[in-house]
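Written out below as structure tokens is the structure these notes cover.
Scope of the values below: all heavy atoms of this structure, side chains included, with no hydrogens, waters or symmetry mates.
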Amino acid sequence: MFWRSVVGKLWFTILALVSVVLSILMVLMLQSFERFHVNEAESQLLNHATMIASMYEGYENERDALYTIDQYGRAFDTHIIILVEGEKTWSTDEAEAHQVALDTFFTDETLSQVFSGEQVVMTEGDFLFIGDGEEVHSEIMIVGVPLSSERFDDGAVFLYQSLSAIEEASNETRQIIYFSAGIALVLTTIFAFFLSTRINAPLRKMREVALEVAQGKFDTKIPILTHDEIGHLAIAFNRMGRELNNNINALNQEKEQLSRILGSMADGVITLNKKGRVVLTNPPADRFIQSWYYEKGMKQEIDEPLPATLQTLFEKVVLLEKEQVTEVEMQGRSWTVLMTPLYDRKEIRGAVAVFRDMTEERRHDKLRKDFIANVSHELRTPISMLQGYSEAIIDDIAGSDEEKKEIAKIIYDESLRMGRLVNELLDIARMEAGHVELNVEELDVRSFAERVIRKFHGLAREQGIEVSLDMADVTTIICDPDRIEQVLTNLLHNAIRHSENGQVKLVIRGYDEGCKFDVVDTGTGIPEADLPYVFERFYKADKARTRGRGGTGLGLAIAKNIIDAHEGHISVHSKMNEGTTFSFFIPRNIQL
């Protein structure tokens, strides 16, 4: 782990570089010092040899010369051999156990050159020593200086010295160099650690800050301690953190905005990946998927495939790379699906599907068609009758005055019926447009209810119906009396028309929140399948639409709009052949 760090790499690099440089310098210095010691030893031996040769030549008395030479040789710890005419004249080896073989000086190619003239010779090597019947080899350095040929024939002075002394000096020098190199390596290591630590400390701080930024702490900053490249890197890192924080905030805002938009959309949105799996949905789309799973009797799982229709649509989008539209029927609701491909540069990375609930629009279309059909039907009958009876009068079919009056009466009734239809259509149009004008006032409920009941006594007797009033806990309410009377008139009239030899009761109850009106009859009742549509325009319980019992079909729609204008609510409960109850509630405090 240490070698993977910046400290380890930098320390190893510096140490390796210094080691290579020191190794090269050590080799060069060792060679240089070794050559220096050898040259120094040769120079000293040459000087000593030259001095001894001068001494030997300068004394007239050979004995005095040899004595002086002996003293000189002892002072410098050198081995001296003087050869004259091929014979050893004197040497310092007499007292030693081993001596250099004399043949060496004559047989060696280099040493033998000193006898041929005034040439000085020097050599190093492994030479033979003889003594006590033994032959010993030793590494020595030999210097030869010729004697004056005027006094000595083939004379020379040889000085030799063991190379071990030179080796000792070289070893001491080598130890000094090795010790110096070790100190240099130690100092280099300390310097490398110091330098790498100075460099690595801000990098470690940057790593810590980078990890914090990765955890979402974008406000964390690196302290600027230096103004070098590392300091510039810290400045750039802090700037990157600020920009990243701004970009993340902008992305979060856009994400939140997109989430709000998707959540508030009435249309469903599903985003699919390249494999056709759901990536993102909004609440309407979730309801659609839940309805699909419910209809198929499946449990909602993450990896469940899309509905077959949507899967086919997705495959078309991917294959054709064009948006596709289809309609899906689910749980009694109609959905229009628009699917568009999503691109990652040039390749398709998925698709987005928009679901629009078209149920209400389809329902409105149906109501519009039904409205036109119903109006046409309602107007066709009186118009046909007006046309037919008018032709009867023109053709003078009616012979007597009584027949003419009867025809005129029919024409008058049908014109009134058409007038009521037109007026009710205008009323409901104004109400649905929000133009209901209420003249509210305080109403005495008892006197009001009794007056409405009295109005239907005659019609009830003709039908054999018993009309009654049941009131409790109510005195006055705030409402528009004319509009409430219109609602009660419509409900009571319908109850009497659809009841034969039965009972119709108006029940009024007072509560703290307001007043409740119930119109209860014991008539034929309303089929359960038709109950959700009784407050629609042109709804008729009598499917045959007989003229005797049928109305315009707009009364209940007008009643519902009047109650809604009073901020109340109206409902119906019915059982076939048992009776029907219409109820509406008027709140006590109306906000107008």
Side-chain angles (χ1 to χ4, degrees), residues 33-170 172-173:
F33 277 110
E34 186 175 356
R35 178 53 53 190
F36 172 76
H37 289 306
V38 172
N39 293 336
E40 188 68 21
E42 289 178 351
S43 177
Q44 290 180 2
L45 287 178
L46 180 59
N47 291 332
H48 293 327
T50 303
M51 182 63 69
I52 291 172
S54 298
M55 290 180 184
Y56 189 75
E57 292 174 349
Y59 282 91
E60 294 294 336
N61 188 351
E62 183 180 8
R63 187 176 181 180
D64 293 338
L66 294 175
Y67 176 79
T68 303
I69 291 172
D70 182 59
Q71 295 297 320
Y72 185 82
R74 292 177 183 278
F76 291 97
D77 190 20
T78 56
H79 298 272
I80 305 169
I81 297 176
I82 300 176
L83 298 178
V84 178
E85 295 179 359
E87 299 291 337
K88 182 171 68 173
T89 302
W90 180 85
S91 71
T92 57
D93 295 339
E94 299 297 337
E96 296 183 1
H98 296 82
Q99 302 177 4
V100 180
L102 293 179
D103 293 341
T104 302
F105 297 103
F106 299 102
T107 58
D108 187 82
E109 183 179 356
T110 303
L111 296 178
S112 62
Q113 294 178 4
V114 76
F115 299 107
S116 61
E118 298 182 352
Q119 183 178 359
V120 177
V121 296
M122 293 180 289
T123 185
E124 303 173 9
D126 186 5
F127 292 95
L128 179 64
F129 282 77
I130 301 174
D132 297 334
E134 296 179 355
E135 294 182 357
V136 180
H137 290 268
S138 179
E139 295 282 342
I140 61 175
M141 177 187 292
I142 300 177
V143 176
V145 177
L147 294 176
S148 175
S149 57
E150 296 177 356
R151 295 181 56 189
F152 308 99
D153 293 333
D154 296 332
V157 177
F158 291 94
L159 271 70
Y160 69 90
Q161 184 179 5
S162 175
L163 291 177
S164 60
I166 299 174
E167 186 67 25
E168 291 178 0
S170 298
E172 291 180 0
T173 303

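Heavy atoms only, all atoms of each residue included: E42 and V143 are closest at O-CG2, 4.3 Å. Contact record, A156 with V114: CB-CG1, 3.9 Å, taken as the closest heavy-atom pair. Between I140 and Y160, the shortest heavy-atom contact is CD1-CD1, 4.1 Å. Of all heavy-atom pairs between A53 and V145, the closest is CB-CG1, 4.1 Å. Considering all non-hydrogen atoms of both residues, A65 and M55 come closest at CB-O, 3.9 Å. Across V121 and T110, no two heavy atoms sit closer than the pair CG1-O, 3.3 Å.
Using a distance-only test at 3.5 Å, with no hydrogens or angles considered, a donor-acceptor pair links the side chain of T50 to the main chain of L46.
Between I82 and L66, some side-chain heavy-atom pair lies under the 4.5 Å cut-off. Counting heavy atoms from C-beta on, the side chains of F105 and I81 come closer than 4.5 Å. Under the 4.5 Å side-chain criterion, counting only non-hydrogen atoms from C-beta, I80 is not in contact with Y56.
A distance of 11.5 Å separates CG of L159 from CD of Q44, quoted to the nearest 0.5 Å. To the nearest 0.5 Å, the span separating CD1 on I142 from CD on Q161 amounts to 12.0 Å.
No more than 12 heavy atoms of other residues, nucleotides or ligands lie within 6.0 Å of CE in M51, so this atom counts as exposed by the packing criterion.
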